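Inspection log for the structure reproduced underneath, given as structure tokens.
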Amino acid sequence: MSDKMAFDALVIGGGIAGGESALNLANNGYKVLIVEKELSIGGKMILLSKVFPTLDCAACITTPKISEIARHPLITIYNGSEVLHVNKIAENNFKAKIRKNPRYVIQEDCTGCQLCEQACPVNVPDQYQFNLVGRKAAFIPFNIASPRVAAIDIENCTLCGACERACPTKCIDFSQVPEEFEISIKTVIIATGFDLFDPLKIPRYSYEKSYNVITSMQMERLLAPTRPFHTILRPGDGKMPDKIAYVLCTGSRDTSVGNPICSQICCMYSIKQAQLLMGALPMADITIYYINIRSFGKGFEEFYEQAKGMGVTFVKGKIGKITEIEKGNLQLRYEDINEGVVKEAEHDMVVLSVGVLPNQGVSKMFTEQELKTDPYNFVYQPDLLISPSKTSIDGVFVSGTASGPMDIPDSILSAGAASTEAISYLNSVCP
Amino acid sequence: MKTKIGVYICHCGGNISDYVDVEKVKQAIEKEEGVSLSKTTIFACADSNQKEMVEDIKNNNLEGVVVASCSPKLHQITFRAVTERAGLNKYNYVHANIREQASWAHSDKKTEATEKAIQIVKAAVAKARLATSLNPIKIESKKSVAVIGAGVAGLKSALELANMGVNVHLIERDFFIGGRVAQWDNLCTSNDKGKDIISRLYKEISSKKNIQLYTGAEVISYSGSIGDFHLKLKIQPRFIHNNSNTEKLQKAIDACPVEVPDAFNFNITKRKAIYKNFPGEFPELPVIDIVSCTKCGVCEKICDQIDFSQKEEIIDINIGSVLMATGFDPYMPAEAEFGYQQSDNVITLPQFQRLIANSNNKLSYLNKEIKNIAFIYCVGSRQVEGENKYCSRYCCTTTIHAAIEAKKKFPEINNFHFTRGIRTYGKQEILYRESLLNGDVYLQSYEDDPAQVLIENGKTIVRINDILTKKKEVDIDADLVVLVTGMTPREDNSIGSLFKLPKGRDKFFNEIHMKLRPVETVIDGITIAGACQGPKNVMESINSGLSAAVKSYSYVSKGELELEPIIAVINKDACIWCGKCAAVCPFGAIKMENDGKKDFAIMNNSVCKGCGMCLPVCPTDAIELIAYSNKEIESMIDALL
């Protein structure tokens, strides 16, 4: 195998946890390959508005990290790629099969001019804006993507050739095919992140039935600096909302949808969004319906108190049902715990604070050895209290939310742990 | 004077351009002397723009670069790196902050914000015109790290640093290692025992030749800086020789006539003046508590390895990085806080943990059998009146776990939880469910109406207006009240003061950036791990310890470090040595020297941080800050006026 196909570490997932793990390794002299299934690295963090409790702009603090990762001489990144299979031959000796899906664009030649985007006649929902707006079939994933180059969504492409004709550098190439190749590595870090709960699993919350019921991730996009509408508005009719409700624990702490655990981040991101909304829409009323507020991290409780001080209303009670009434407004039925009575309240926009679910499929990459998962399908941590990043396979480590819900600082700490254990492992086997 | 300066004005995706007219800024700057290229960009920091900048610098042979965007704290390093990648010395880059200083500060006055932004960028251009190329200061970095604190975070980071090939000095103030975790019995959520975890780590650590463990040791002074710290350690004697006969020592312990409260068991039991905290503790050698010892000599007669002539030692160590893992103190309730010290059946959570660990068959406290236990949450955390506004994070889960364990061991007990809303985040939620299924009773109040402890007719009543039952007043006649005490920063902050480590609002050590740099500190070369940075459970402390380890490792792994060349330089001829500069230097970088002719100040280049504190106090203007010379500053002021 050529040197080009040999690395010290394979990092599966190029979100903030994978990126931080890769940087820790590369900064200490190890050669790393990041395999990212999306078209850009940066994971979920790069798509956020601001982060709690510092209210730093997420793009502002993520992009320097992303560009440090992208230009590190010891880090190679495969975007739009998948790890098909990992096999441990011996300690310090893994083989992995990677599939690099075609982008149908010659990455090196694309200048990101967006002329292809303008030429493309196809409109489809934009997954990076969580379907709030459309995008073309020839598109740049998002403004601060890394790499910021075009890709062709071949599923939706009509092969009309408009993009090819528009491209000034002739970098669109429909002849690209998936490439599969084998690499050899000495250690593996799993940083596959999390999925968001799909609120369609709770039909009584009227998601997609009522356009003015959105998810918290959609609200992140509405609030982000690279936001689709440049303001906050209801997707249903474009009206600026003035009475917004948050429904906490949507898909968390709920055995009826098969997820008994707490997602750890929703209370805080909802409180953050509430504070941002009070800035963006000073006249709006924001109400957060909760079971327990879990503001447990550094500076979190103070942040919660700050939101209360700003006038965010907190109501202890779980929402039972959301019904659309006239003018696209929504009626929320809930038990007000403090008063012990069932009540109804009208809001003009509802944000479902959706929970964190495991990104399944990672254990299927390992066939010769068993990568164990916990009862909730997160990567199992057999030595939780001494080596939290160890997995059931020696030499395979877990970083970030692949092992359970956590916020950004905890993901960074977990990434630090995974990279340290990986370096120790590399040293122990091949000194 | 430079004539080819490139200026980039950033929209910051609206953060700037919503308030500052960036096109207008660009037009104003284009005309400035020396500016040969100016552009606006949506996100200057984005990879695509960085690429474009590199191309621009190369194609136009730019001699200086200015980016007008956010705070230099965020992106100065980013753009310096861009400049360097384009083959231009990175000190020809000047950062202008038009976000925090213009758009955000004056979001209500757009015209004025634009005016101000123009002035700020003009000043930066003026500085760029005079900027010169500089080379970083290269220093050797010692491939060893001092880990301060041998609790679970310190032990684990020491172990992995050693595994990564670094020499480790593990420094523990106590005579035994293990910190708070050694005091815990079953731990959530793995049911490992605290002392088993510590034993495992200790065994691994003792097998490493590159870890030197010091117990009874304190850092008494420090000097130097990243790559080359010098620490002085004071090591207290144990008054017992190594390799002593275990049996004889046990006899000596049994014979000791002195009994003092046992701090390991949070004073609910007594120990001798010669003691070990528990069998199998590490190091295995007992110690004589010389403060409590009456020197009666009974132990000496039984065991000839006891030696009162042992003296404290002073040791110097030289390391490249310091990893602080100094832990926390449990909150100490004030007298009469929820009945504490008013009734002897009111104890704290750590005391309860020791009580459960040390009890068998039936649960009793002070010879009274315990049936009803009332846990009062958030004692010393989320205070309305007191200083501790923060949530201590670990206590909800730990208490619920302790209640489950207590119930397993003593099925006849009833647990009543007086909460302010349970915070079993993540997978810990499962324990809460388990506890509910066990029949534990949960009651809740808000901050402004906490539960009360009433001592009436020899009974301890806990009263709450329970919001879960429409604010019904509920009384529980409790046999034992457990105050769920939170984590507080170490009361003794001598080590923090010694290193001048900044503390946050909550008085825990502060990191550089809460989100992305949680283990680094503003003092280069010093990292923080575990609960000294803020409340954490065991797993979180380990993660933080390992993160700190990899950062400390990166300071020393290459054996060489590059430091900022922006430092103060002293003009020896102009210096009259008044000592004022040395007195104000926060880093101790300035010393006096004499060349036989006169006294003068000299600068330790690897310690100077270029803060500029020494400049204004110098009566003869003998000090200049590189890259911030009078000429440069004056040109910036001229541009601003």
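None of the values given here were measured: they were computed from a predicted structure. Per chain, numbering begins at 1; letters A, B, ... match sequence-line order.
For Asn28(A) and Lys558(B), the side-chain atoms include no donor-acceptor pair closer than 3.5 Å. Counted by atom type alone, Thr420(A) and Glu160(B) present zero donor-acceptor pairs between their side chains at under 3.5 Å.
The OG atom of Ser419(A) sits 8.5 Å away from atom CG of Leu546(B), with the distance rounded to the nearest 0.5 Å. Rounded to the nearest 0.5 Å, atoms CD (Glu429(B)) and SG (Cys249(A)) are 8.0 Å apart.
Proximity to chain A involves both the backbone and the side chain of Cys45(B), based on heavy atoms less than 4.5 angstrom apart. Of the atoms belonging to Cys57(A), it is side-chain heavy atoms, and not backbone ones, that fall under 4.5 Å from chain B. Neither the backbone nor the side chain of Gln428(B) comes within contact range of chain A; no heavy atoms are under 4.5 Å apart. For His513(B), the part lying under 4.5 angstrom from a heavy atom of chain A is the side chain only. Contact annotation for Cys188(B): only backbone heavy atoms (N, CA, C, O) come within less than 4.5 Å of a heavy atom of chain A. Within the 4.5 angstrom heavy-atom criterion, only side-chain atoms of Arg85(B), from C-beta onward, approach chain A. The part of Leu201(B) that comes within reach of chain A is its side chain, from C-beta onward, which places non-hydrogen atoms under 4.5 angstrom from that chain. Only the side chain of Gln381(A) comes within less than 4.5 Å of a heavy atom in chain B; its backbone stays farther off. Residue contact with chain B, scored on non-hydrogen atoms closer than 4.5 Å, is absent for Ile291(A). Neither the backbone nor the side chain of Ser381(B) has a heavy atom closer than 4.5 Å to any heavy atom of chain A. Residue Asp196(B): no heavy atom, backbone or side chain, is found under 4.5 Å from chain A. Asp56(A) touches chain B through its side chain: at least one heavy atom from C-beta onward sits under 4.5 Å away, while N, CA, C and O do not. At a 4.5 Å heavy-atom cutoff, the contact between Met45(A) and chain B is made by side-chain atoms alone. Interface residue Asp18(B): only side-chain heavy atoms are found under 4.5 Å from chain A. Residue Ile197(B) touches chain A through both its backbone and its side chain, counting heavy-atom pairs closer than 4.5 Å. Only the side chain of Ile42(B) comes within less than 4.5 Å of a heavy atom in chain A; its backbone stays farther off. For a residue to count as touching a neighbouring chain, one of its non-hydrogen atoms must lie under 4.5 Å from one of that chain's; by this rule Tyr432(B) touches chain A with the side chain only.
The candidate from Phe300(A), Phe378(A), Phe296(A), Tyr376(A) with the greatest count of non-hydrogen atom pairs under 4.5 Å with chain B is Phe296(A). Comparing Pro405(A), Ser295(A), Ser263(A), Ser414(A) by how many heavy-atom pairs each has under 4.5 Å with chain B, the most go to Ser295(A). Listed options Ile412(A), Ile386(A), Ile16(A), Leu384(A) were ranked by heavy-atom pairs under 4.5 angstrom with chain B; first place goes to Ile386(A). Comparing Gly340(A), Pro64(A), Gly29(A), Pro375(A) by how many heavy-atom pairs each has under 4.5 Å with chain B, the most go to Pro64(A). Interface summary for chain B: among Asp336(A), Val341(A), Ile265(A), Thr255(A), the most heavy-atom pairs under 4.5 angstrom belong to Thr255(A). Of the residues considered (Ser544(B), Gly421(B), Ala548(B)), Ser544(B) shows the highest number of contacts with chain A, using heavy-atom pairs under 4.5 Å. For the set Arg420(B), Glu52(B), Lys156(B), Gln50(B), the entry with the most heavy-atom pairs within less than 4.5 Å of chain A is Lys156(B). Note on Asp506(B), Ile422(B), Asn15(B): by heavy-atom pairs under 4.5 Å with chain A, the leading option is Ile422(B). For chain A, the option among Gln444(B), His11(B), Lys51(B) with the highest count of heavy-atom pairs below 4.5 Å is Gln444(B). Ranked by heavy-atom pairs shorter than 4.5 Å toward chain B, the options Ile337(A), Ile61(A), Ile144(A) are led by Ile61(A).
By the 6.0 Å contact criterion, CD on Gln107(A) is enclosed, its count of non-hydrogen atoms from other residues, nucleotides or ligands being greater than 12. Heavy-atom contacts from other residues, nucleotides or ligands closer than 6.0 Å to NZ of Lys318(A) number more than 12. In this structure, Lys308(A) places its NZ atom where more than 12 heavy-atom neighbours from other residues, nucleotides or ligands lie under 6.0 Å away. Heavy-atom contacts from other residues, nucleotides or ligands closer than 6.0 Å to CD1 of Ile77(B) number 12 or fewer.
Between the side chain of Arg423(B) and the main chain of Ile293(A), a donor-acceptor pair closer than 3.5 Å is present. In terms of modelled atom types and a separation under 3.5 Å, the side chain of Arg433(B) and the main chain of Pro260(A) share no donor-acceptor contact. Formation of a donor-acceptor pair under 3.5 Å by the Lys515(B) side chain with backbone atoms of Ile408(A) is not found in this model. For His75(B) (side chain) and Cys60(A) (main-chain N/O), a donor-acceptor pair under 3.5 Å exists by modelled atom type. Looking only at distances, no side-chain donor or acceptor of Arg71(A) sits under 3.5 Å from a matching main-chain atom of Val82(B). Under a 3.5 Å cut-off, the side chain of Lys298(A) and the backbone N or O of Gln533(B) do form a donor-acceptor pair.
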Check the pair Asn24(A), Tyr553(B) against side chain to side chain contact (heavy atoms under 4.5 Å, CB included), reporting the backbone distance first and the verdict last.
CA-CA 10 Å; Asn24(A) 282 334; Tyr553(B) 177 64; over 6 Å; no
Pair Arg200(B), Asp383(A) - check side chain to side chain contact (heavy atoms under 4.5 Å, CB included), show working.
CA-CA 12 Å; Arg200(B) 258 181 71 188; Asp383(A) 200 2; 2.6 Å; yes
Could you go through the side chain to side chain contact (heavy atoms under 4.5 Å, CB included) check for Glu301(A) and Lys389(B) one step at a time?
CA-CA 7 Å; Glu301(A) 180 72 10; Lys389(B) 302 294 178 205; 5.7 Å; no
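By the 4.5 Å heavy-atom criterion applied to side chains, Arg382(B) and Glu302(A) are not counted as neighbours. Side-chain atoms of Thr424(B) and Arg294(A), non-hydrogen and from C-beta on, do get closer than 4.5 Å to each other.
Residues Ser190(B) and Leu385(A) approach most closely at OG-CD1, 3.2 Å, considering heavy atoms. Closest approach of Leu516(B) and Lys65(A) over heavy atoms only: O-NZ, 3.8 Å. Taking every heavy atom of both residues into account, Cys262(A) and Tyr425(B) meet most closely at SG-CA, 3.6 Å. In terms of heavy atoms, Ile261(A) sits closest to Gly426(B) at CB-O, 3.6 Å. Residues Asn427(A) and Gly165(B) share a closest heavy-atom pair of ND2-N, 4.4 Å. A pairwise comparison of heavy atoms in Leu413(A) and Pro518(B) identifies CD2-CG, 3.7 Å as the closest pair.
Annotation: cation-pi pair Lys316(A)/Tyr446(B) absent, no NZ/CZ under 6.0 Å from the ring centroid and within 45° of its normal.
Remark: Asp410(A) does not engage Lys536(B) in a salt bridge, criterion side-chain N to carboxylate O under 4.0 Å. Ion pairing between Glu20(A) and Arg517(B) fails under the 4.0 Å rule for side-chain N and carboxylate O.
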